[in-house]
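Read the structure below first, then the notes.
Just so we're clear, the structure is a prediction, and the values are computed from it rather than from any experiment. Proteins come first, then strands; the chains are lettered A, B, ... in the order of their sequence lines, and each starts at number 1. Computed from heavy atoms alone, side chains included, the values below leave out hydrogens, waters and symmetry copies.
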Protein chains: 2
Amino acid sequence: MTKNLIKILRERGYRLTPQREMILAAIIQAGDHVSAEDVFTKVQEQSSAINIATVYRTLDMLVEEGLACRTDLGIGEYMYATNQHGPHIHLICRKCGYTQDADHSLLKKLEETILSEYDFVADLHHIAIFGLCAGHQLEDEGGQE
Amino acid sequence: MTKNLIKILRERGYRLTPQREMILAAIIQAGDHVSAEDVFTKVQEQSSAINIATVYRTLDMLVEEGLACRTDLGIGEYMYATNQHGPHIHLICRKCGYTQDADHSLLKKLEETILSEYDFVADLHHIAIFGLCAGHQLEDEGGQE
DNA sequence: TTTACTGCAAATAATTTGCAAAACT
DNA sequence: AGTTTTGCAAATTATTTGCAGTAAA
């Protein structure tokens, strides 16, 4: 896994540094979306010799290279995941923040339609959809808690 | 339009201030998604007596009240629109930022499925979908520009 | 050796907040 | 009058950046 990504990066002219190895390992092991802070913390557990700026730079580089994706889950910070992390939909309750995953296959049709009708390749691997979870579907959505 | 929202706000116990009137008018007249800055600028054209903090506070209040929605279009700032702004999908090219709107009806099925299978009321009125526009669909998505 | 990469600390940039003054009801 | 709302300026927070030192290749 990690080896894979490292190899790709080297092929594309990037240098292999222990920081990058650790960051890659962390984001892959997480097996889920993680924030830059999450990665930073996780890496610090293994070695304290890393800087948050490096985490941001590496993460951005991975996204640039199409090896990871960056998703806004509405919590004020971007979340990252490698593309090896299976595609899915995030359903996020705007009242309580409760998050559940929905099956990605729901989007197959949408993806195809968008491509054929708008000539647009939708990147729906880790889309976030906001709304109301079962426990918060009262009639007055606008009411203050 | 504006009167409508004002009335609703008053019914909910909010006070009517010229600032709020101007902000409401601006966001409604825009007829599209606007940033807090956009609103601020627009309102300043009419009257210079308004502060950006008030714009943010009013916009947040409208979202809280369910009268407007806040969408992240991936440009580093949130965009706002009243719910009177017709629902649609934003297709945003991650290479060039080019944005086009797609018909919201594409999501009807998705919305229904999410509700029946996950008991989740998806708020898909102004969803943003990232991907690649017609001009940027090269085979190597990861290549650097 | 060469040039990319990192750490550090300061810079950004959007948004939020505390508090006293102003204004709606 | 009483309480909400505003303006102002400072605080926050996530992320970015300049630059000199460090380390892959």
Side-chain angles (χ1 to χ4, degrees), chain A residues 3 5-24 26-27 33-44 46-65 68-80 144, chain B residues 2-3 5-24 26-27 33-44 46-65 67-80 144:
Chain A
K3 299 279 183 192
L5 290 185
I6 289 176
K7 187 195 256 181
I8 294 174
L9 290 179
R10 295 188 68 165
E11 285 170 3
R12 296 190 186 175
Y14 290 95
R15 289 186 182 172
L16 173 58
T17 66
Q19 288 88 342
R20 284 179 176 168
E21 273 189 283
M22 288 189 288
I23 292 170
L24 284 173
I27 187 175
H33 295 255
V34 284
S35 67
E37 270 293 323
D38 291 337
V39 173
F40 180 63
T41 303
K42 195 155 198 165
V43 170
Q44 290 255 305
Q46 299 167 27
S47 162
S48 57
I50 199 164
N51 187 277
I52 187 74
T54 301
V55 174
Y56 276 107
R57 279 187 284 230
T58 301
L59 255 19
D60 285 350
M61 180 267 282
L62 290 174
V63 173
E64 275 293 307
E65 288 299 319
C69 67
R70 170 172 159 157
T71 310
D72 178 17
L73 298 183
I75 54 176
E77 56 187 355
Y78 285 107
M79 301 298 277
Y80 301 81
Q144 39 240 19
Chain B
T2 315
K3 299 278 182 192
L5 290 185
I6 288 176
K7 187 194 253 179
I8 294 174
L9 291 178
R10 295 188 68 164
E11 283 169 4
R12 296 190 186 175
Y14 290 95
R15 289 187 181 172
L16 171 57
T17 66
Q19 288 88 342
R20 283 178 176 167
E21 273 190 281
M22 290 189 287
I23 292 170
L24 284 173
I27 186 175
H33 295 255
V34 284
S35 67
E37 271 293 323
D38 292 337
V39 173
F40 180 63
T41 303
K42 195 155 200 163
V43 170
Q44 290 256 305
Q46 299 167 27
S47 161
S48 57
I50 200 165
N51 187 277
I52 187 74
T54 301
V55 174
Y56 276 109
R57 278 187 285 229
T58 302
L59 256 18
D60 285 350
M61 181 266 282
L62 291 174
V63 174
E64 276 292 307
E65 288 300 318
L67 301 172
C69 68
R70 171 171 159 158
T71 310
D72 178 18
L73 299 183
I75 54 176
E77 57 187 352
Y78 285 107
M79 301 297 276
Y80 301 82
Q144 41 242 16

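- Residue contacts for A:Gly13: at a heavy-atom cut-off of 4.0 Å it reaches no nucleic acid atom on any strand shown.
- When all heavy atoms of A:Val43 and A:Ala26 are compared, the pair lying nearest together is CG2-CB, 3.9 Å.
- The residue B:Arg57 sits close to a base: some heavy atom pair falls under 4.0 Å.
- When every heavy atom of B:Glu77 is checked against every heavy atom of B:Asp72, the shortest pair comes out as O-OD1, 4.3 Å.
- Nucleotides of DNA chain D nearest to B:Ala53 and B:Arg20 differ in position, and the one nearer the 5' end is that of B:Arg20.
- Rounding to whole angstrom units, CG of residue B:Leu16 and C1' of C:dA23 are separated by 11 Å.
- Relative to the ring axis of B:Tyr80, B:Arg70 does not place its NZ or CZ within 45° and under 6.0 Å from the centre.
- If you take CZ of B:Arg12 and P of C:dT25, they are 17 Å apart, rounded to a whole angstrom.
- Read 5' to 3', the first and last nucleotides of DNA chain D with an atom closer than 4.0 Å to a heavy atom of chain B are D:dG2 to D:dC8.
- In this structure, CZ of B:Arg10 is placed 5 Å from P of C:dT25, rounded to the nearest angstrom.
- Of all the heavy atoms in A:Arg20 and A:Arg15, the pair that sits closest is NH1-O, 2.9 Å.
- One interatomic measurement links the two molecules: CG of A:Asn51 to C1' of C:dC5, which rounds to 12 Å at whole-angstrom precision.
- Ranking C:dA14, C:dT25, C:dC8 by closeness to the B:Glu77 side chain, first place goes to C:dA14.
- Place B:Tyr80 and B:Thr17 on DNA chain C by their nearest nucleotides, and B:Tyr80 ends up nearer the 5' end.
- Side-chain contact, A:Ser35 with A:Asp38: a donor N or O sits under 3.5 Å from an acceptor N or O.
- At a threshold of 4.0 angstrom between heavy atoms, the contacts of A:Ile50 are confined to the sugar-phosphate backbone, with no base atom among them.
- Taking five base pairs at each end of the helix from C:dT1-D:dA25 to C:dT25-D:dA1, the local helix axes there meet at an angle of 30°, rounded to 10°.
- Rounded to an integer number of Å, the gap from A:Asp72 CG to C:dT15 C1' is 14 Å.
- As a whole-Å value, the separation of B:Leu59 CG from C:dT15 P is 9 Å.
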Full working for side-chain contact (heavy atoms from CB on, under 4.5 Å) between A:Lys42 and A:Val34: CA-CA 10 Å; A:Lys42 195 155 198 165; A:Val34 284; over 6 Å; no
Test log, rule side-chain contact (heavy atoms from CB on, under 4.5 Å), inputs A:Thr54 and A:Arg57: CA-CA 5 Å; A:Thr54 301; A:Arg57 279 187 284 230; 4.2 Å; yes
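- Using a 4.0 Å cut-off, some side-chain N or O of A:Gln19 falls inside it from OP1 or OP2 of C:dG7.
- The minimum heavy-atom distance linking B:Asn51 with B:Phe40 is given by the pair C-CE1, 3.8 Å.
- Atom OH in A:Tyr56 sits about 19 Å away from atom P in C:dA11, given to the nearest Å.
- In this structure, the side chains of B:Ile50 and B:Gln44 come closer than 4.5 Å at one or more pairs of heavy atoms.
- Closest approach of B:Val55 and B:Ile23 over heavy atoms only: CA-CD1, 3.8 Å.
- Closest to the B:Ala36 side chain, of the nucleotides C:dT25, C:dT15, C:dC8, is C:dT15.
- Rounding to whole angstrom units, CZ of residue A:Arg15 and P of C:dT2 are separated by 13 Å.
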